[in-house]
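Everything below concerns the one structure shown next.
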Amino acid sequence: MLGWGVERLRADMNRLLALLFHQGVLDEQFLQLQQLQDESSPNFVSEVVTIYFRESEKLLRILRELLMDKELLDYKKLGIHVNHFTGSSSSIGAKRVRSVCVAFLAASEQENRAGCLRALEVLEHEYCYLKNKLHELFQIEQQRVMASGVRYPMHHG
């Protein structure tokens, strides 16, 4: 019988998700993403989040480079990239990352370089925490799928 392992893994997943909601790391948008996942797209959430991670790493690198330019700091360009980060974080339910982006945007609109640097530091910290926790979640989910022995039907077309 394989019930116990699967149930324990499901409980671990729910506990981790509950923690992330309690900490304000994630919001309902993440649950809505999960509801779009089914047999026809069993890896939907992790695929969407992987794209988000790839985009975010690129955006963080750009933001860091822009802020390094003390002489000609382009606040308008900075704002555009932070806005992009805000939107993509919103779409996966990354609530705390999105909140930091909002503060970052305010600092860039005030052309406050020190505020922007502080916001970038917090943003990198929040992003790393989110990334680690979601990786943990996806690992548990993968183990759960393997433990339940689910074989998604192959579609012959």
Side-chain angles (χ1 to χ4, degrees), residues 1-67 78-108 116-157:
M1 208 176 97
L2 44 77
W4 287 112
V6 175
E7 284 314 306
R8 201 194 69 245
L9 290 166
R10 183 172 288 126
D12 287 349
M13 260 183 86
N14 290 338
R15 208 172 308 123
L16 180 54
L17 267 178
L19 173 73
L20 295 176
F21 277 93
H22 178 70
Q23 292 176 332
V25 173
L26 295 174
D27 64 22
E28 317 68 59
Q29 184 60 38
F30 187 79
L31 294 180
Q32 288 178 0
L33 269 187
Q34 283 189 314
Q35 285 163 5
L36 295 172
Q37 182 166 295
D38 58 18
E39 283 78 23
S40 65
S41 55
N43 303 314
F44 179 74
V45 178
S46 66
E47 284 165 8
V48 169
V49 169
T50 300
I51 293 166
Y52 167 76
F53 286 153
R54 204 175 309 132
E55 276 293 294
S56 299
E57 311 272 334
K58 212 184 313 175
L59 284 168
L60 285 169
R61 204 166 44 245
I62 292 168
L63 293 171
R64 210 174 302 117
E65 283 165 12
L66 285 171
L67 280 169
L78 195 65
I80 290 167
H81 290 297
V82 174
N83 236 333
H84 186 83
F85 210 153
T86 311
S88 60
S89 299
S90 232
S91 70
I92 70 147
K95 188 178 176 182
R96 273 188 3 200
V97 170
R98 191 194 65 228
S99 300
V100 178
C101 286
V102 171
F104 197 152
L105 201 54
S108 77
C116 288
L117 284 167
R118 256 196 319 276
L120 178 63
E121 216 171 289
V122 178
L123 184 58
E124 287 174 330
H125 172 79
E126 286 296 343
Y127 171 74
C128 279
Y129 184 75
L130 173 75
K131 189 175 182 181
N132 290 336
K133 290 300 171 191
L134 288 181
H135 271 309
E136 210 177 303
L137 191 71
F138 295 143
Q139 277 177 324
I140 298 170
E141 188 175 19
Q142 228 170 11
Q143 290 171 340
R144 184 181 63 80
V145 169
M146 285 168 72
S148 63
V150 171
R151 294 285 168 270
Y152 292 104
M154 295 296 289
H155 294 287
H156 300 289

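What you see below is based on every heavy atom in this structure, not just the backbone, and it leaves out hydrogens, waters and symmetry mates. Worth saying up front: this structure is predicted, and the values here are computed from it rather than measured. Here, residue 1 is the first one in the sequence, and each next residue gets the next number.
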Restricting to non-hydrogen atoms, name the atom on [X] and the atom on [Y] that form the minimum distance, rounded to 0.1 Å.
X: F44; Y: L36; value: CE2-CB, 3.7 Å
X: S91; Y: S88; value: OG-O, 2.7 Å
X: F138; Y: S46; value: CZ-CA, 3.7 Å
X: V97; Y: S89; value: CG1-OG, 3.3 Å
X: G79; Y: S108; value: CA-OG, 3.9 Å
X: L63; Y: H81; value: CD2-CB, 3.7 Å

Nearest-0.5 Å distance that lies between atom [atom1] in [X] and atom [atom2] in [Y]:
X: L59; Y: I80; atom1: CG; atom2: CD1; value: 12.0 Å
X: Y129; Y: L134; atom1: OH; atom2: CG; value: 10.5 Å
X: L16; Y: L137; atom1: CG; atom2: CG; value: 5.0 Å
X: N14; Y: L9; atom1: CG; atom2: CG; value: 11.0 Å
X: L26; Y: L20; atom1: CG; atom2: CG; value: 5.0 Å
X: S56; Y: E124; atom1: OG; atom2: CD; value: 11.5 Å

Regarding E121 and R118, does a basic nitrogen lie under 4.0 Å from an acidic carboxylate oxygen?
no
Is there a side-chain contact between [X] and [Y], using heavy atoms and a 4.5 Å cut-off?
X: R98; Y: D27; result: yes
X: C116; Y: L78; result: yes
X: L17; Y: F30; result: yes
X: V82; Y: V102; result: no
X: K58; Y: R54; result: no

Among side-chain atoms of Q37 and E141, is any donor-acceptor pair under 3.5 angstrom?
yes
Passes side chain to side chain contact (heavy atoms under 4.5 Å, CB included), V122 versus H125? Steps please.
CA-CA 5 Å; V122 178; H125 172 79; 5.5 Å; no
Test your reading of the model: is there a side-chain donor-acceptor pair from R96 to the backbone of Q23, 3.5 Å cut-off?
yes
Could you label the plane-to-plane angle of the F53 and H135 rings as parallel, tilted or perpendicular, counting under 30° as parallel and over 60° as perpendicular?
tilted
With K131 via salt bridge (Lys or Arg N to Asp or Glu O under 4.0 Å) - residues at least two apart:
E57
